[in-house]
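Residue numbers begin at 1 in each chain, while the letters A, B, ... track the order of the sequences.
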Amino acid sequence: MRGQRGFNSLNRNCCFAGFLARPFREPFKLKKTNPVMSQDAFPVETRRHSAAHLMAAAIKDLYPTAKFGVGPATETGFFYDIALDEPLTPEDLPKIEKRMKELRKKKKYFQREEVSADEAIEYMKKEGQDFKVELLELLRDKGSTAIAKETGDESVVGEGETTISFYRTGDFVDLCRGPHVDHSGQVGHFKLRSIAGAYWRGDAKNAQLQRIHALAFETKEELDAELLRLEEQAKRDHRKIGKELNLYTLVEEVGSGLPLWLPNGNVIRDELERLGKTEEHKGGYKRVTTPQITKGDLYHRSGHLPYYAEDMYAPMKIDETDYYLKPMNCPHHHMIYAHDQWSYRDLPVRLAEYGNCYRYEASGGLSGLMRVRGFCMNDAHIYCREDQAKDEFLSVMHLHAKYYRMFGIDNFWMRLSLPDMENLDKYVDDAAGWKRALDILKEAMDESGYPYKEVEGEAAFYGPKVDFMVKSVVGTEYAISTNQLDFVATKNFNLGYTDADGEKKPVYVIHRAPLGTHERFIAFLIEHYAGKFPTWLSPVQAVVIPIADRHEDYAAEVKKKLLFSDVDTVHGGIRAETDFASERMQKKIRNAQTKQIPYMLVVGDAEAENGEVAVRHRDHGDLGTMTIDALIERIAKEQRTRTDEGA
RNA sequence: GCCGCUUUAGCUCAGCUGGUAGAGCAACGCAUUCGUAAUGCGUAGGUCACGUGUUCGAGUCACGUAAGCGGCACCA
């Protein structure tokens, strides 16, 4: 047991000769056999992962009782999950970072050693590294893939390896597949950014560790650029801009996740809603309206209470009957479909509604308008024959394409969400139904030519779906639009039609919400446009700025002409205001710029005399003077085409 | 929901180790009447998120609640 002592005194010059199959090589030897490679020889992921080890080493140094979880590289850096006796606070980060930099300077070697699983376990047990022991046992009993899947850390060990590789950096020894840089001087530049809770092995039933997130890049320039980028991104945050532009507010008195839409924000809702309604009219949809609360029986029948109850609010009792706030509009639309008899000639039947829904979201998951508890969905349900399902789904995809082109959204990906076939308890159990629905969806997607990625375990309980995934400026991914193929509703609600042969046949139901919910979609648009909405979506499209008090009457006249203009906004005229504050023109221009108002109409003596306006555009500056009619025509075109004009 | 942090005027934020609050912007008033991103002067505005406690004394300390933030879990 002579190695035991070596392991127990893991200080600087100790090696593991006695315990490990072969001793770690001494640093000076490494230096000789491993001449220092040029830094660009390491991929940045290697540096990041090595930096994670370096952070662990620094923490081990500062907090000798620390227990370590996993610490993989991320897209822009790395993190490490750690359990400490006392929780770290943000003030501890600089201290850790400082220690890391000291270690980096010392060029600590990354020493690799291979041992058997049992030896590794014994070592980690002696070290009190409970989490590592658990990982090693999992690795020994279930293999490497299980670890990668469970922890999200693929760096632990390679595929199908039987021996465990260990890496030592300073006082920190970790099981790790590698590869690593040669020494700590090569990890590159890093910045510790945040500290947060994370469940061990990603399971809420387990203990929480502290996760330290860090940025890491090869050069300081890249690190600084990323910090700058993050700073710029933060400026687009819809929560910040939403406040600055008075679009919405969340108040404690109303409740978490229940936004109040202010007049400015409501304009955007109104315009979007009209876009949806117009396109749906052209697409052969009929509009319907359904109530906000509904008897529990309907949700039993739809499958919501069996499969979706934890997302629903507690029922309220009315005349001895349970009523629920509606989490989805589909059961109601199904009832509307069921209200009539349908011939094969009538299909598809398309029912559309901007429907308000309420869903329970865990308090910690709420975020501005992105994740809320009450929202309004651009919903519709298409009832069609099986032979129509593919084409109907395709035309829904084309509607998406139209919207996304219109908004200039191209940074999204499509997720074909499948059920977890091995674990169907979250889904309606009908393997054949799932397969047919999936085949139809895939066929439609393949024919559309739009690329998509299949992801297991994300399907709705009643069918597979295609979600449009976008990232918020803070990097969180959200499904912003969703389209689902439902093969269950037809059974639960006995939804059918009479076919040419006189037989009653079942329908397929397509659930679709290409504009998602107002809340999430507008949150995304705010960030997408950084608050600079195109004219057709701008809460205020033009502000009239009188140069002196004597121009106020003319300014009021201009505003009235704009309000009464024949411009096809949802409000039936240009959204115009006047600025009669006791301020200089310059200040009023500044205020209008800050509010991202597209048109500033400066009026003074000359304009009043000629019946003109001096036009300044938010993005293009001074456009010179033009007649009021010419300006109206310009805005009318922008409104009609939903596209801004150039300079 | 969980871990950690935060909450002071409409907004953004100061306020050291306890001695009953301050700035800038915004608002309002007065003066100014101005030609494309901030005119000057003045006035008003705060149960220091809420509650309980410790203390002679709490914005400051402790506990609880609420809301927000960073993550994790959840995510139709």
Side-chain angles (χ1 to χ4, degrees), chain A residues 79 81 83-84 86-92 152 193-213 234 237 239-240 243-244 246 249-257 304 307-308 310-312 327-330 357-368 370-371 375 377 379 417 426 457-462 465 467 474-479 482 484 511 513 516-517 520 545-552 581-595 600-607 614-618 621-625:
Chain A
F79 67 74
D81 288 349
L84 292 164
E86 291 290 317
L88 290 170
T89 68
E91 291 82 64
D92 294 318
R193 291 204 86 226
S194 69
I195 177 162
Y199 294 107
W200 168 236
R201 285 168 66 182
D203 189 335
K205 289 193 282 288
N206 289 339
Q208 265 191 321
L209 311 185
Q210 291 196 284
R211 176 169 296 180
I212 301 179
H213 277 275
D237 192 317
R239 291 168 295 188
K240 180 176 155 67
K243 199 179 275 186
E244 287 165 357
N246 273 311
T249 185
L250 289 160
V251 299
E252 205 177 318
E253 291 84 341
V254 174
S256 284
H304 285 88
Y307 294 103
Y308 200 69
E310 59 185 35
D311 294 83
M312 293 170 66
M328 294 187 197
N329 305 301
C330 22
C357 296
Y358 294 86
R359 295 182 191 171
Y360 173 74
E361 297 285 351
S363 57
L366 300 171
S367 179
M370 283 287 185
R371 198 95 179 274
F375 51 85
M377 191 164 33
D379 210 0
S417 300
K426 267 172 75 190
E458 297 290 339
F461 68 79
Y462 45 75
K465 54 180 185 164
D467 293 320
V474 290
T476 314
E477 205 161 62
Y478 292 99
T482 181
Q484 304 154 5
H511 305 236
T517 65
R520 190 173 286 182
I545 299 174
I547 289 178
D549 291 356
R550 65 177 180 280
H551 307 122
E552 285 183 5
S582 175
E583 290 289 350
R584 295 168 64 207
M585 178 205 62
Q586 283 88 334
K587 179 63 175 294
K588 294 180 185 179
I589 286 175
R590 184 175 201 276
N591 287 343
Q593 286 283 160
T594 312
K595 285 192 263 182
M600 287 154 271
L601 312 175
V602 178
V603 297
D605 291 332
E607 289 76 18
V615 180
R616 177 191 163 100
H617 189 273
R618 171 185 72 189
D622 196 345
L623 299 180
T625 58

### Task
Tell whether A:E607 reaches the base of B:rG35 with its side chain through a donor-acceptor pair below 3.5 angstrom.
yes
#### Entry: Nucleotide B:rC3, atom P - distance to NZ of A:K205 in whole Å
17 Å
### Query
Can A:R201 and A:D203 be counted as an ion pair, charged N to O under 4.0 angstrom?
no
### Query
If you check every side-chain atom of A:P90, which of B:rA37, B:rU33, B:rC5 has the closest atom?
B:rC5
### Message
For A:H511 and A:D379: C-alpha separation, side-chain torsions, deciding distance, then whether side chain to side chain donor-acceptor pair (under 3.5 Å) applies.
### Response
CA-CA 7 Å; A:H511 305 236; A:D379 210 0; 5.7 Å; no
### Message
Between the side chains of A:E361 and A:R371, is the shortest nitrogen-to-carboxylate-oxygen separation below 4.0 Å, so that they form an ion pair?
### Response
yes
### Query
Between B:rU36, B:rC5, B:rC72, which nucleotide has the shortest distance from any of its atoms to the side chain of A:R211?
B:rC72
### Query
Of A:H551 and A:S367, whose closest RNA chain B nucleotide lies nearer the 5' terminus?
A:H551
### Query
Within less than 4.0 Å of OP1 or OP2 of B:rG70, is there a side-chain N or O belonging to A:R239?
yes
### Task
Have a look at A:A592 and say if it touches a base, only the backbone sugar-phosphate, or nothing, with a 4.0 Å heavy-atom cut-off.
nothing
### Message
With rounding to the closest Å, how many angstrom separate the P atoms on B:rU55 and B:rC50?
### Response
23 Å
### Query
So what does A:E310 touch, heavy atoms closer than 4.0 Å: a base, only the sugar-phosphate, or nothing?
nothing
### Task
Indicate, with a heavy-atom threshold strictly under 4.0 Å, whether A:A606 touches base, sugar-phosphate, or nothing.
base
### Query
Taking only side-chain nitrogens and oxygens of A:K465, does any of them come within less than 4.0 Å of OP1 or OP2 of B:rA76?
yes
### Task
Name the nucleic acid region contacted by A:K243, choosing base, sugar-phosphate or nothing; use a 4.0 angstrom heavy-atom cut-off, strictly under.
sugar-phosphate
### Task
Would you please test A:Y360 and A:E310 for side chain to side chain donor-acceptor pair (under 3.5 Å) and show each step?
CA-CA 7 Å; A:Y360 173 74; A:E310 59 185 35; over 6 Å; no
### Task
Indicate, with a heavy-atom threshold strictly under 4.0 Å, whether A:A196 touches base, sugar-phosphate, or nothing.
base
### Summary
Any strand, both distances under 3.5 Å, Watson-Crick or G-U wobble: B:rC16 pairs with none
### Task
Could you grab the distance from atom OG1 of A:T625 to atom CD of A:E607, nearest 0.5 Å is fine?
6.5 Å
### Query
Taking atom P of B:rA76 as reference, at what distance in whole Å does atom NE2 of A:H304 sit?
12 Å
### Distance between P atoms of B:rC48 and B:rA9 (Å, rounded)
10 Å
### Task
Kindly say whether, by distance alone, the side chain of A:Y199 makes a donor-acceptor pair under 3.5 Å with the base of B:rG1?
yes
### Message
Whether the side chain of A:R211 engages the backbone of A:D81 through a donor-acceptor N/O pair (distance < 3.5 Å, no angle test) should be reported.
### Response
no
#### Entry: Shortest side-chain distance from A:S582, nucleotide among B:rU32, B:rA67, B:rG4
B:rU32
#### Entry: Candidates B:rA76, B:rA67, B:rU39 - which lies nearest the side chain of A:M328
B:rA76
### Query
Which of the following nucleotides, B:rA37, B:rA38, B:rG70, is nearest to the side chain of A:K587?
B:rA38
### Query
Of all the choices, B:rU39, B:rG70, B:rA37, which nucleotide is nearest to the side chain of A:I589 once you look at every atom?
B:rA37
### From B:rA37, B:rA73, B:rU33, nucleotide with atom closest to A:R590 side chain
B:rA37
### Query
Of all the choices, B:rG1, B:rU39, B:rA76, which nucleotide is nearest to the side chain of A:S363 once you look at every atom?
B:rG1
### Query
Quick one: does A:F375's side chain get under 4.5 Å of A:R359's, heavy atoms only?
yes
### Task
Look at all strands and tell whether A:A460 reaches a base, only sugar-phosphate, or nothing, counting heavy atoms closer than 4.0 Å.
sugar-phosphate
### Task
Using the P atoms only, state how far B:rA23 lies from B:rA44, rounded to an integer number of Å.
12 Å
### Query
Is A:A548 touching bases, backbone alone, or none of the nucleic acid, heavy atoms closer than 4.0 Å?
base
### Message
Please determine whether the number of non-hydrogen atoms from other residues, nucleotides or ligands lying under 6.0 Å from atom CZ of A:R193 exceeds 12.
### Response
no
### Query
For atom C1', what is the distance between B:rU32 and B:rC41, given to the nearest Å?
11 Å
### Summary
Nearest-nucleotide check on RNA chain B, A:T476 vs A:G621; residue mapping nearer the 5' end is A:G621
### Task
Give the rounded distance in Å between these two atoms: CD of A:E244 and C1' of B:rA26.
13 Å
### A:Q586 side chain, from C-beta outward: closest of B:rG71, B:rC34, B:rA67
B:rC34
### Query
Which part of the nucleic acid does A:D605 contact within heavy-atom distance under 4.0 Å: base, sugar-phosphate only, or nothing?
base
### Query
Under 3.5 Å, is there an N or O donor on one side and an acceptor on the other linking the side chain of A:Q210 and the base of B:rC3?
no
### Whole-Å gap separating P (B:rC69) and NZ (A:K240)
14 Å
### Query
When all nucleic acid strands are considered with a 4.0 Å heavy-atom cut-off, which category describes A:Q484: base, sugar-phosphate, or nothing?
nothing
### Query
Roughly how far apart, to the nearest Å, are B:rU33 and B:rU47 at atom C1'?
44 Å
### Task
Using both distances under 3.5 Å as the test, list the Watson-Crick or G-U wobble partner of B:rG70, or none.
B:rC3
### Query
Just by modelled atom types, is the A:R520 backbone N or O under 3.5 Å from a matching donor or acceptor in the A:T517 side chain?
yes
### Query
Reckon A:S256 has a side-chain N or O less than 4.0 Å from the OP1 or OP2 of B:rA67?
yes
#### Entry: Whole-Å P distance, B:rG70 and B:rG24
30 Å
### Message
Determine whether a donor-acceptor pair (one donor, one acceptor, N or O, separation below 3.5 Å) exists between the side chain of A:R520 and the base of B:rC75.
### Response
no
### Message
What contact category does A:D311 fall into here, base, sugar-phosphate, or nothing, at under 4.0 angstrom with non-hydrogen atoms?
### Response
nothing
### Task
Can you tell me the distance, in whole Å, between the CD atom of A:E252 and the C1' atom of B:rU65?
10 Å
### Query
Rounding to the closest angstrom, what is the interatomic distance between B:rU12 and B:rA27 at atom C1'?
16 Å
### Message
Looking at B:rU36, I'd like to know if its phosphate oxygens (OP1 or OP2) sit under 4.0 Å from a side-chain N or O belonging to A:R584.
### Response
no
### Query
Whole-Å distance between B:rC3 C1' and A:F79 CZ?
15 Å
### Task
Round to a whole Å and report the spacing from CG of A:D92 to P of B:rC3.
19 Å
### Task
Could you grab the distance from atom CE of A:M600 to atom CG of A:D622, nearest 0.5 Å is fine?
10.0 Å
#### Entry: C1' atoms of B:rG53 and B:rG18, separation to the nearest Å
15 Å
### Task
Could you tell me the separation between the CG atom of A:L366 and the P atom of B:rC72, rounded to a whole number of Å?
16 Å
